[in-house]
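Residue numbers begin at 1 in each chain, while the letters A, B, ... track the order of the sequences.
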Amino acid sequence: MCEKLDKIYDPCKFEDEIYKFWEDNGCFDADFDSKKEAYTIAMPPPNITGNLHMGHALDNTIQDVLIRYNRMCGKEVFWIPGTDHAAMATEARIVAKLRSEGLTKEKIGREKFMERAFAWKKEYGGNIVRQIRKLGASCDWKRERFTMDDGYYRSVRDFFCTLYKEGLIYKGNRIVNWCINCKTSISDIEVDFKESNGELIHLKYYFPDRSAFLTVATTRPETIFGDVALAVNPDDERYAQYIGSKVLIPIVEREIPIISDSYVDKSFGTGVLKVTPAHDFADFEIGERNNLEAISVIDTNGILNEKCGKYNGLDRFEARKKIIDDLTENDLVIKREKINNNVGICSRCETVIEPLISDQWFVKMKDLAKPAIDAVKNGKISFYPERFSKTYMHWMENIKDWCISRQLWWGHQIPVYYCPDCKNMGCFREKISKCEKCNSKNIGFDENSLDTWFSAALWPFAILGWPDKTKQLDRFFPTDVLVTGYDIIFFWVARMIFSSLKLTKEIPFKKVLIHGLVRDSKGRKMSKSLGNGIDPLEVISEYGADSLRLTLVMGLTLGNDTRFLESKLEGNRNFVNKIWNASRFLHMNLGEKKLDDKVESLSIFDSWILSRINEVSKEVRENLERFEFGVALQKIYSLFWDEFCDWYLEFCKIDFKNNSSAVSNSCNFFLRIVKMLHPFIPFVTEKIWSIFKNSPLISSSYIDYDEKLENKSAEYEIKKIISVIHSIRNKRNEMGTPASKLINIFVESEDHGLFERHLDKIKTLSKVEGIKFGKPESKKATCIILDFAKIYVDMEELADIEKLKDQLAKDIETVKSNIKKSESMLQNKEFTQKAPKDVISSVEETLSKSKSKLKDLISNLDKLNL
RNA sequence: GGGAGCAUAGCUCAGCUGGUUAGAGCGCUUGCUUUACACGCAAGAGGUCACAGGUUCGAGUCCUGUUGUUCCCACCA
């Protein structure tokens with residue numbers, strides 16, 4: 001207990017040990033049988049390929065604050081951690097590793113590939129989980145889940161089959177976004193758009209008789225082999241006469257019709273569009289509307305196929321150059337125009353997307369979206385900040401069908417089989433070995449796997465055991481809050497909502513907390529390519545997890561981005577150290593005495609700080625309920641530093657010396673603040689707690705507001721003492737009095753008792769030698785004017801008269817302008833008629849105080865001028 | 001093209017339902033080895049709250065517009 005405490009707090013010395021203590025003692029574990037109110041958070045599962053970054057740190061810190069706070073409020077908290085298999089990212093890693101061994105996934109086969117991937121997961125997937133521990137996250141590791149563990153597989157198959165049986169999942173030969181690098185289809189939201197310097201090539205499409213041509217502008221001449229029509233706007237008078245006639249594709253010389261479609265923009269290019277349904281989304285739709293064939297000319301590797309004549313086998317961009325050359329040679333190019341256009345790229349590897357037609361699985365979204373829209377509209381689910389519900393709503397209302405199949409191996413294989421004998425196609429919830437219809441054992445399985453987000457969509461209920469009716473599901477679902485960044489709303493939040501409503505008939509969470517991005521000191525996004533990322537683990541090893549957490553949460557407003565500054569980190573490290581030293585100081589004064597919860601008789605200082613702690617605890621609770629973390633933290637910060645340390649402990653210090661104070665009171669009050677801080681800075685607070693107490697802080701109760709502790713008269717009295725001390729210190733400074741010199745003062749006051757009661761405090765803290773009541777005999781005295789007292793300082797002490805005069809003149813000006821302001825307000829009849837009484841009377845009070853202060857100031861100045 | 005955010009002290013940001021003299025941290029100035037802490041203590045300086053209107057007795061806060069800036073969605077072939 002009485003171990004020697006270092007002057008400087010060293011987090012590295014304690015954090016791991018404390019975390020181990022919590023984990024070993026089951027402090028994070030949820031009790032499924034307790035009668036307490038449940039509080040649940042499903043941790044957004046980080047990718048197994050990932051390393052902890054600032055986004056994780058922020059996300060998990062916010063969750064941990066909520067979890068620890070609610071745990072201390074007596075709830076049965078269940079924070080379920082886990083990891084995501086991250087299909088594309090992981091597969092890319094495995095493939096790269098195979099390549100380094102001279103292998104390919106095809107060479108080793110699906111089964112071996114999966115084995116390798118699981119082995120990889122086992123070896124590296126644990127990294128991120130260890131790193132999250134470093135943050136201090138108090139989640140229930142015993143219930144850790146993985147999106148590809150056995151139980152999760154079942155949930156995913158169940159989800160798929162439920163939708164499939166209802167016709168909400170369908171297979172279609174449709175145009176999809178294809179990444180030729182990742183070799184898979186991806187969904188719309190996995191495509192980013194990048195501005196690029198493209199070229200708009202104006203081509204001649206001759207009429208069959210070669211009498212004339214139409215000019216078509218295109219950025220992708222290599223797709224002319226897939227052209228099936230030219231389209232013009234039906235309202236475009238320039239081309240109305242040509243609708244229905246035919247033209248020849250340049251070079252290819254195939255005849256295609258000219259059709260009309262309102263999609264075509266008259267003002268773009270020449271107003272004539274070449275229609276290539278197999279390689280452009282808009283064209284695909286035009287093709288469907290007009291019953292046009294789709295001719296695929298580029299394969300899944302981005303290579304032109306046999307339909308492209310001599311260009312067969314060329315890469316799409318090489319082919320583009322060649323074709324432009326050839327077209328130019330044949331005088332089929334009218335002009336080449338530089339344009340800035342947006343080109344779709346794969347959000348993972350940034351390869352230019354090739355839209356192409358292939359057999360894929362889709363989720364029909366319209367019917368699923370409706371209840372998900374309603375749940376937010378009618379307030380069952382609310383977003384914090386509220387504005388993000390708009391983002392959500394807009395996306396949901398304009399949602400398109402979701403392509404869920406991926407041509408990857410790492411992931412959940414689509415649970416569909418095909419029977420070659422009876423041509424049946426069916427889906428299965430449990431593993432199957434024969435056709436349900438004809439019992440044939442020749443069945444084959446769908447080779448595709450599911451989008452990672454398809455399985456992630458089930459996270460909050462799958463981890464509680466769905467589709468089984470488990471105790472956990474019953475008790476901890478729907479979860480309370482979901483904490484995530486605004487970049488994840490479409491990918492995950494939206495999909496969890498509609499899938500939960502579909503499968504469990506309940507919302508997955510009640511509240512969605514959206515935070516922003518953690519940016520670097522210049523406001524740039526942290527990224528690998530810029531190399532400006534700050535590693536949370538490095539920060540932790542230098543400053544400790546508590547300082548990191550403070551830095552992420554202090555002054556944070558939900559939904560807004562924050563900058564990560566080294567200077568903030570230092571400041572917060574200092575704060576942690578301050579707490580440490582306060583505990584050192586109190587511990588030293590407590591000495592061998594045992595700390596007892598019982599409150600000994602309260603000094604006025606005790607009553608005051610207790611009242612203040614009580615008030616702040618109420619505000620902090622309110623702030624936390626509203627997720628105003630930054631504000632809550634700032635309030636505790638200021639309570640602790642500006643009031644508890646700077647004033648309360650300074651008062652106590654004097655009493656400790658005289659042995660006239662109850663040290664254990666001070667310790668107990670200090671520990672109340674420590675409690676308030678625990679959700680934010682769990683490590684140092686737990687360490688300090690352990691110096692004074694035996695049971696762990698993490699499982700103790702939060703501070704309750706107690707009306708009886710409110711003590712306005714103590715607060716008023718202390719406020720007065722502080723203003724006396726502060727004003728004397730200020731005057732000393734103004735007068736240039738050396739720090740070591742004690743001064744004498746005279747006091748005129750309506751409340752002499754105040755000065756008598758706190759003589760020692762005033763003398764010590766404002767370096768006063770003697771206090772006499774009444775006016776000083778000497779005329780050479782300057783006066784401090786307070787609301788309740790005048791304090792005279794003998795001019796003997798004065799070092800710099802000019803400085804003092806300047807100050808006085810300044811003060812007079814401010815008071816004068818205040819008087820003017822108050823007077824004009826009170827003269828305004830509308831103000832006196834319409835403003836509430838308390839506002840008016842406070843203005844009146846200010847006015848009268850200012851007036852008397854002005855008088856005093858002027859007489860002060862006059863004296864100086866003598 | 002549609003939508004959203006931001007604009008407050010030198011810097012980074014708070015400021016809830018409108019209420020007299022707008023806050024914090026860092027930085028800056030001055031002074032302190034005051035036996036918890038120099039990662040500290042004390043005292044200061046520093047802001048026409050982007051601009052222009054409007055509502056109101058009263059606007060950093062509400063409304064409209066302008067400018068600058070960031071982001072999201074859609075996307076022109």
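- When heavy atoms are screened at a 4.0 angstrom cut-off, A/K522 is found touching no nucleic acid atom at all.
- Distances shorter than 4.0 Å separate none of the side-chain N or O atoms of A/Y486 from OP1 or OP2 on B/A4.
- Nearer the 5' end of RNA chain B, as judged by each residue's closest nucleotide, is the contact made by A/V839, out of A/T270 and A/V839.
- The CG-C1' distance, from A/D561 to B/A4, rounds to 13 Å in whole Å.
- For the C1' atom pair drawn from B/U55 and B/U64, the interatomic distance equals 11 Å after rounding to whole Å.
- Rounded to an integer number of Å, the gap from CG of A/L550 to C1' of B/C26 is 15 Å.
- Here the side chain of A/R519 is nearest to one of B/U70, B/A77, B/A36, namely B/U70.
- The nucleotide whose nearest atom lies closest to any side-chain atom of A/F585 is, among B/C57, B/A36, B/C41, B/A36.
- Across all strands shown, A/K829 has no heavy atoms under 4.0 Å from either base or sugar-phosphate atoms.
- A salt bridge does not link A/R573 with A/E566: none of the charged nitrogens is closer than 4.0 Å to a carboxylate oxygen.
- Taking side-chain N and O atoms only, A/N341 has a distance below 4.0 Å to OP1 or OP2 of B/A77.
- For A/D265, the listed nucleotide lying nearest its side chain is B/A77; candidates were B/C41, B/A77, B/U34.
- For B/A43, one of the phosphate oxygens OP1 or OP2 lies less than 4.0 angstrom from a side-chain nitrogen or oxygen of A/H726.
- Nucleotides B/G5 and B/G65, compared at atom P, are 13 Å apart to the nearest Å.
- For the OP1/OP2 pair of B/A43 and a distance below 4.0 Å, the side-chain nitrogens and oxygens of A/R732 include no atom meeting the criterion.
- Taking atom P in both B/G19 and B/U66, the straight-line distance is 28 Å, to the nearest Å.
- For A/D787 and A/K849, the salt-bridge test passes: some basic side-chain N is under 4.0 Å from an acidic carboxylate O.
- Residue A/N623 is classed as having no contact, given no heavy-atom separation below 4.0 Å to the nucleic acid.
- A donor-acceptor contact under 3.5 Å links the side chain of A/E650 to the base of B/A36.
- Look at the P atom in both B/C71 and B/G58: the space between them is 40 Å, to the nearest Å.
- Counting non-hydrogen atoms under 4.0 angstrom, A/T846 reaches a base of the nucleic acid.
- Nucleotides B/A22 and B/G60 are separated by 10 Å at their P atoms, to the nearest Å.
- For A/N733 and B/A43, the CG to P distance is 8 Å, given to the nearest whole Å.
- Rounding to whole angstrom units, NZ of residue A/K568 and P of B/C26 are separated by 13 Å.
- A/L273 comes within 4.0 angstrom of a base, heavy atoms only.
- Within 4.0 Å of A/R729, counting heavy atoms only, lie sugar-phosphate atoms of the nucleic acid but no base atom.
- If you check B/C6 for Watson-Crick or wobble pairing at under 3.5 angstrom, you find it paired to B/G68.
- Rounded to whole angstrom, the span from the CZ atom of A/F490 across to the C1' atom of B/G3 amounts to 10 Å.
- Side-chain proximity of A/F268 to the nucleotides B/C76, B/A36, B/C71 is greatest for B/C76.
- Aromatic pair A/F640/A/F575: centroids less than 6.0 angstrom apart.
- Atom NZ in A/K390 sits roughly 20 Å away from atom P in B/C71 (whole-Å rounding).
- OP1 or OP2 of B/C41 sits under 4.0 Å from a side-chain N or O of A/W641.
- A/K7 comes within 4.0 angstrom of the backbone, heavy atoms only, and of no base.
- In this structure, A/R336 pairs ionically with A/E199, as a charged nitrogen and a carboxylate oxygen lie closer than 4.0 Å.
- Nucleic acid contact for A/N560: sugar-phosphate only, since backbone atoms but no base atoms lie under 4.0 Å from a heavy atom of the residue.
- A/G555 comes within contact range of the sugar-phosphate backbone alone, with a heavy-atom separation under 4.0 Å but no base atom that close.
- A/D520 has no carboxylate O lying under 4.0 Å from a charged side-chain N of A/K522, or vice versa, which leaves the two without a salt bridge.
- Per the geometry, CZ belonging to A/F193 stands 12 Å off C1' belonging to B/C76, to the nearest Å.
- Between A/R387 and B/A4 there is no side-chain polar atom (N or O) within less than 4.0 angstrom of OP1 or OP2.
- The phosphate of B/G40 has OP1 or OP2 within less than 4.0 Å of a side-chain N or O from A/N574.
- Of the listed residues (A/E619, A/E643, A/E615), just one forms a salt bridge (charged side-chain N to carboxylate O under 4.0 Å, His left out) with A/K635, and that residue is A/E619.
- Between the CG atom of A/N581 and the P atom of B/C39 there is a distance of 11 Å, rounded to whole Å.
- As the counterpart of B/G47, no nucleotide is assigned, since no Watson-Crick or G-U wobble pattern has both distances under 3.5 Å.
- Here A/E734 does not pair with A/R729 in a salt bridge; the nearest charged N to carboxylate O distance is not below 4.0 Å.
- Here A/N828 lies in heavy-atom contact (under 4.0 Å) with sugar-phosphate atoms only.
- At B/U12, one or more side-chain N or O atoms of A/R563 fall inside 4.0 Å of OP1 or OP2 (strictly under the cut-off).
- Using a cut-off of 4.0 Å between Lys/Arg side-chain N and Asp/Glu carboxylate O, A/R519 and A/D561 are scored as salt-bridged.
- The shortest distance between the side-chain N/O atoms of A/T557 and the OP1/OP2 oxygens of B/A14 is below 4.0 Å.
- Heavy atoms only, all atoms of each residue included: A/M365 and A/K400 are closest at CG-O, 3.3 Å.
- Comparing B/C37, B/A42, B/G31 by their closest approach to the side chain of A/A739 singles out B/G31.
- In the set B/C75, B/A36, B/G19, B/C75 carries the atom at the smallest distance from any side-chain atom of A/N342.
- Residues A/F575 and A/V343 both approach RNA chain B. Their nearest nucleotides, taken by heavy-atom distance, put A/F575 toward the 5′ side.
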